[in-house]
Amino acid sequence: AVWGLLLAKLAGSEDLILGTPVSGRLLPEVQNMLGAFINTLPLRLRPRKDQTFVGYLAEVKTDVMDLIDHQDVYLEQILSALGSKRGVGENALYRVLFSMRPMQEDVFQLDGKPLSYLPAPSHAAKLDLDIEAYPCAEGYGFELDYDTALFDRSAITLYARSFQALLQQVVESPMKPLAEYDGFSLRDRLLLVERPNHLRMPILDLCLDQIIDQMAQLSPQSAAVRFGGETITYQQLIQRAEGFAAQLVKAGAQRGDSIG
């Protein structure tokens, strides 16, 4: 759901289709049968700007469950029903893939001995973008493959940071409308949007505390204040300011009060 939200913000669209692999083992008699039954199907996502993330997530969950229930339908059948044809080396319905590795690396064993998972690099992207989620000790990790004819490494690392920022935002505030989630991390927004927009102005039209907040995002460990042999970083300055603010609120201070 979050990956689809990021792609929607990047593309400026509220209607997109991803490919996602399914196991293809609906029948009980093939559950323990050797062989590859994997089928990749299109998943349509419609992240509307006015709906909350919780509402959007519920829709995605319903669509995924419906897709799993119909995983024996093959892509060729869908294309035939739509009157579309698959071109050579391309997919007519989706150019981005999202998949999930079904198990953790530490569960691979042979005769009771642990095995190490070593992915074999293919040096070729299956589609324009391919993201794989996998369970790990810390939670979940993600791997991104991409077509180097379309993207360079700097663009992909930007997408990765944006994806991480969106994940954090939806966890912290899941009831916000989708339009209010930022497709950039704070640092990237400052470096790529805010700062370039101020290049034509002689000064930043910001209050001092806003400038300090920006510096804390860009370079938290840089020196903000040096006095009497003591150095305070921007991160430490923010932490002290927030501490003072909490004490003032606890003492009864309200917005607009003069503190002296």
Side-chain angles (χ1 to χ4, degrees), residues 1-27 30-31 36-87 89-103 122 124-135 139-147 150-151 155-156 159-160 162-167 169-171 174 176-179 181 183:
V2 178
W3 180 243
L5 176 58
L6 174 60
L7 293 178
K9 287 184 175 294
L10 292 173
S13 172
E14 294 184 353
D15 195 342
L16 61 152
I17 297 176
L18 307 180
T20 186
V22 289
S23 66
R25 295 177 181 268
L26 281 178
L27 300 177
V30 301
Q31 291 295 322
F37 296 86
I38 297 174
N39 185 22
T40 302
L41 292 176
L43 174 64
R44 187 179 185 183
L45 301 177
R46 284 161 284 192
R48 300 185 308 276
K49 295 178 181 179
D50 59 341
Q51 69 180 148
T52 65
F53 179 77
V54 170
Y56 164 60
L57 182 62
E59 288 184 2
V60 173
K61 180 179 179 181
T62 299
D63 292 342
V64 169
M65 296 304 295
D66 289 343
L67 182 143
I68 291 175
D69 289 340
H70 297 85
Q71 57 184 284
D72 54 346
V73 177
Y74 286 91
L75 186 62
E76 285 72 16
Q77 295 174 272
I78 299 174
L79 293 175
S80 177
L82 294 174
S84 300
K85 294 183 179 180
R86 179 187 292 192
E90 65 178 23
N91 191 296
L93 293 181
Y94 54 82
R95 300 298 302 160
V96 178
L97 190 71
F98 184 94
S99 59
M100 177 170 287
R101 198 177 299 167
M103 60 184 68
S122 62
K126 302 180 184 69
L127 295 168
D128 295 352
L129 278 174
D130 178 3
I131 184 170
E132 182 184 41
Y134 58 91
Y140 281 90
F142 298 89
E143 291 184 2
L144 262 172
D145 289 333
Y146 58 95
D147 187 344
L150 298 174
F151 306 99
I156 295 301
Y159 295 166
S162 297
F163 183 47
Q164 185 178 13
L166 271 178
L167 284 170
Q169 291 175 64
V170 299
V171 169
K176 289 170 55 176
L178 298 183
Y181 294 109

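All of these numbers come straight from a predicted model, not from anything done at the bench. Computed from heavy atoms alone, side chains included, the values below leave out hydrogens, waters and symmetry copies.
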To the nearest 0.5 Å, atom CD of Glu132 lies from atom CG of Leu97 at 9.0 Å
On a heavy-atom basis, the closest approach of Leu6 and Gly183 is CD1-O, 4.2 Å
Heavy-atom nearest pair, Met100 first then Tyr140, reads CE-CE2, 4.2 Å
To the nearest 0.5 Å, atom CZ of Arg48 lies from atom CG of Leu178 at 8.5 Å
Exceeds 12 heavy-atom contacts within 6.0 angstrom, atom NZ of Lys61: no
Could you check Leu18 against Tyr94 for side chain to side chain contact (heavy atoms under 4.5 Å, CB included), going step by step and ending with a plain yes or no? CA-CA 6 Å; Leu18 307 180; Tyr94 54 82; 5.7 Å; no
Rounding to 0.5 Å, atoms CD (Glu14) and NZ (Lys9) come to a distance of 10.0 Å
d(Leu144 CG, Trp3 CH2) to nearest 0.5 Å is 4.5 Å
Begin with the C-alpha distance, continue with both residues' side-chain angles, and end with the deciding distance and a verdict on side chain to side chain contact (heavy atoms under 4.5 Å, CB included) for Asp15 and Arg44. CA-CA 7 Å; Asp15 195 342; Arg44 187 179 185 183; 2.5 Å; yes
For Pro47 and Ala8 the tightest heavy-atom approach is CG-CB, 3.5 Å
* **Side chains of Val64 and Ile68 in contact at under 4.5 Å (non-hydrogen atoms)** => yes
Output for pair (Leu41 CG, Leu67 CG), nearest 0.5 Å, gives 5.0 Å
Query raised in the report: Under 4.5 Å between any side-chain heavy atoms of Leu93 and Leu82, yes or no?
Result: yes
Glu59 and Gln51 have their tightest heavy-atom pair at OE2-NE2, 3.5 Å
Between Ala1 and Leu57 the two heavy atoms that sit nearest each other are CB-CD1, 3.7 Å
(Q) Working note: Leu5 + Leu45, criterion side chain to side chain contact (heavy atoms under 4.5 Å, CB included); need CA distance, chi angles, decisive distance, verdict. (A) CA-CA 9 Å; Leu5 176 58; Leu45 301 177; over 6 Å; no
Is there side-chain contact between Gln169 and Leu166, with at least one heavy-atom pair below 4.5 Å? yes
CZ of Phe151 to CG of Asp145, rounded to nearest 0.5 Å, is 12.5 Å
Quiz prompt | Plane angle bin for Phe98 and Phe142 - parallel if under 30°, tilted between 30 and 60°, otherwise perpendicular | solution = tilted
Other residues, nucleotides, ligands: >12 heavy atoms within 6.0 Å of Glu143 CD:
yes
Which of Asp130, Thr40, Thr20, Val22 passes side-chain contact (heavy atoms from CB on, under 4.5 Å) with Ser99? It is Asp130
